[in-house]
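Let me begin by presenting the structure, written as structure tokens, before commenting on it.
Please read all numbers here as calculations on a predicted model, not as lab measurements.
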Amino acid sequence: MLVPLLICRLEQSHFFGVAKPYEPLLAFAIGLFVVSLAAATHGNIYLAAFAAGITIASTRPDLRDEFHQFGELLAELFKLGATLVFGAMISLSYFYGIGAGGCVFAVLALVLARPAALFIALWGSRLDWRERVTAAWFGPKGFASMIYGILVLHAGIPDAEHIFHLIAIVIAISMIAHSSTDVLIAHWFSIGQQARRQ
């Protein structure tokens with residue numbers, strides 16, 4: 001937290017000020033610097049990046065606001081890159097490698113475990129049943145699952161490759177299922193909203 005705080009203080013001086021058009025890049029540069037320091041000192045790069053983000057957001061709201069739009073575009077670009085890398089790591093042989101039990105597990109994780117967890121999480125919310133069903137089906141974005149899958153693969157734990165194969169199959173089935181049903185569920189959801197207004 002001290003490093004981003006120090007950089008933010010230096011940037012406010014006359015000697016180290018950043019030109020207005022480049023302010024969105026400053027938060028990104030600070031993040032890269034902090035992550036590099038954490039990697040060089042064998043620290044946790046994720047905690048380092050998180051701490052840097054909190055420090056910048058709380059001490060320099062102007063930088064946070066400048067970074068917002070650029071950060072969203074950058075995040076989508078990194079997600080696209082990670083999805084491409086993840087897709088390049090899997091193949092149809094994964095389906096044969098995990099067997100029938102693994103395929104059943106993947107389907108149950110998608111249609112039973114995740115929706116059930118989200119139904120419990122949404123218990124007591126003000127959402128109606130149609131909104132809960134939609135949220136339970138689509139759930140949160142699955143991008144983190146790709147990152148965790150890659151981390152598991154390189155963690156050196158027992159059966160890491162088998163676990164990665166299971167994660168990959170769940171994600172692949174999820175992509176196909178959700179991409180194939182998003183228009184239908186959006187249409188069903190909009191019909192419900194129109195009926196409720198009438």
Side-chain angles (χ1 to χ4, degrees), residues 1-90 109 113-114 117-127 131-132 134-136 138-157 160 163-164 166-168 170-171 174-175 178:
M1 293 177 71
L2 291 175
V3 172
L5 186 61
L6 177 62
I7 294 173
C8 286
R9 292 286 183 261
L10 287 173
E11 190 272 330
Q12 290 177 315
S13 69
H14 293 294
F15 296 105
F16 298 100
V18 175
K20 186 73 174 174
Y22 299 107
E23 281 187 352
L25 293 173
L26 179 60
F28 182 60
I30 293 171
L32 286 179
F33 183 66
V34 169
V35 166
S36 299
L37 279 178
T41 57
H42 305 290
N44 188 312
I45 60 173
Y46 302 102
L47 288 177
F50 184 70
I54 288 177
T55 304
I56 293 168
S58 58
T59 60
R60 291 290 304 275
D62 57 320
L63 281 182
R64 178 193 62 207
D65 296 338
E66 287 290 337
F67 179 74
H68 183 71
Q69 185 176 3
F70 173 74
E72 285 187 351
L73 293 173
L74 195 63
E76 291 303 317
L77 185 61
F78 280 137
K79 286 180 187 178
L80 179 62
T83 305
L84 180 63
V85 169
F86 187 82
M89 294 175 72
I90 63 176
R114 191 170 76 165
L118 284 164
F119 263 116
I120 293 169
L122 294 171
W123 192 267
S125 69
R126 297 180 182 177
L127 299 176
E131 292 169 331
R132 290 185 192 187
T134 303
F138 288 111
K141 288 184 177 180
F143 172 71
S145 302
M146 296 183 193
I147 301 300
Y148 295 144
I150 294 171
L151 288 175
V152 165
L153 183 63
H154 296 287
I157 61 174
I163 295 169
F164 176 76
L166 285 173
I167 293 170
V170 172
I171 293 172
S174 174
M175 285 181 170
H178 294 140

Heavy atoms only: give me the nearest [X]-[Y] pair and the separation to one decimal.
{"X": "Gly149", "Y": "Phe164", "value": "O-CD1, 3.1 Å"}
{"X": "Ala109", "Y": "Val170", "value": "CB-CG2, 4.3 Å"}
{"X": "Thr59", "Y": "Thr55", "value": "OG1-O, 2.6 Å"}

Please identify each residue that fulfils side-chain contact (heavy atoms from CB on, under 4.5 Å) with [X], with sequence neighbours left out.
{"X": "Leu80", "value": "none"}
{"X": "Ser125", "value": "Leu122, Leu127, Arg132"}
{"X": "Leu32", "value": "Phe28"}

Residues Ile163, Ile157; criterion side chain to side chain contact (heavy atoms under 4.5 Å, CB included); working and verdict: CA-CA 10 Å; Ile163 295 169; Ile157 61 174; 4.2 Å; yes
Among residues at least two apart in sequence or on other chains, which ones pass side chain to side chain donor-acceptor pair (under 3.5 Å) with Ser174?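 Applying side chain to side chain donor-acceptor pair (under 3.5 Å) to Ser174 gives His178.
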Crowded around Tyr148 OH? As in, over 12 foreign heavy atoms under 6.0 Å? no
Distance-only criterion, 3.5 Å: show the donor-acceptor pairs between side-chain atoms of residues 42-53 and protein atoms not counting sequence neighbours.
{"unit_1": "Asn44", "atom_1": "OD1", "unit_2": "Tyr46", "atom_2": "N", "d": "2.9"}
{"unit_1": "Asn44", "atom_1": "OD1", "unit_2": "Leu47", "atom_2": "N", "d": "3.0"}

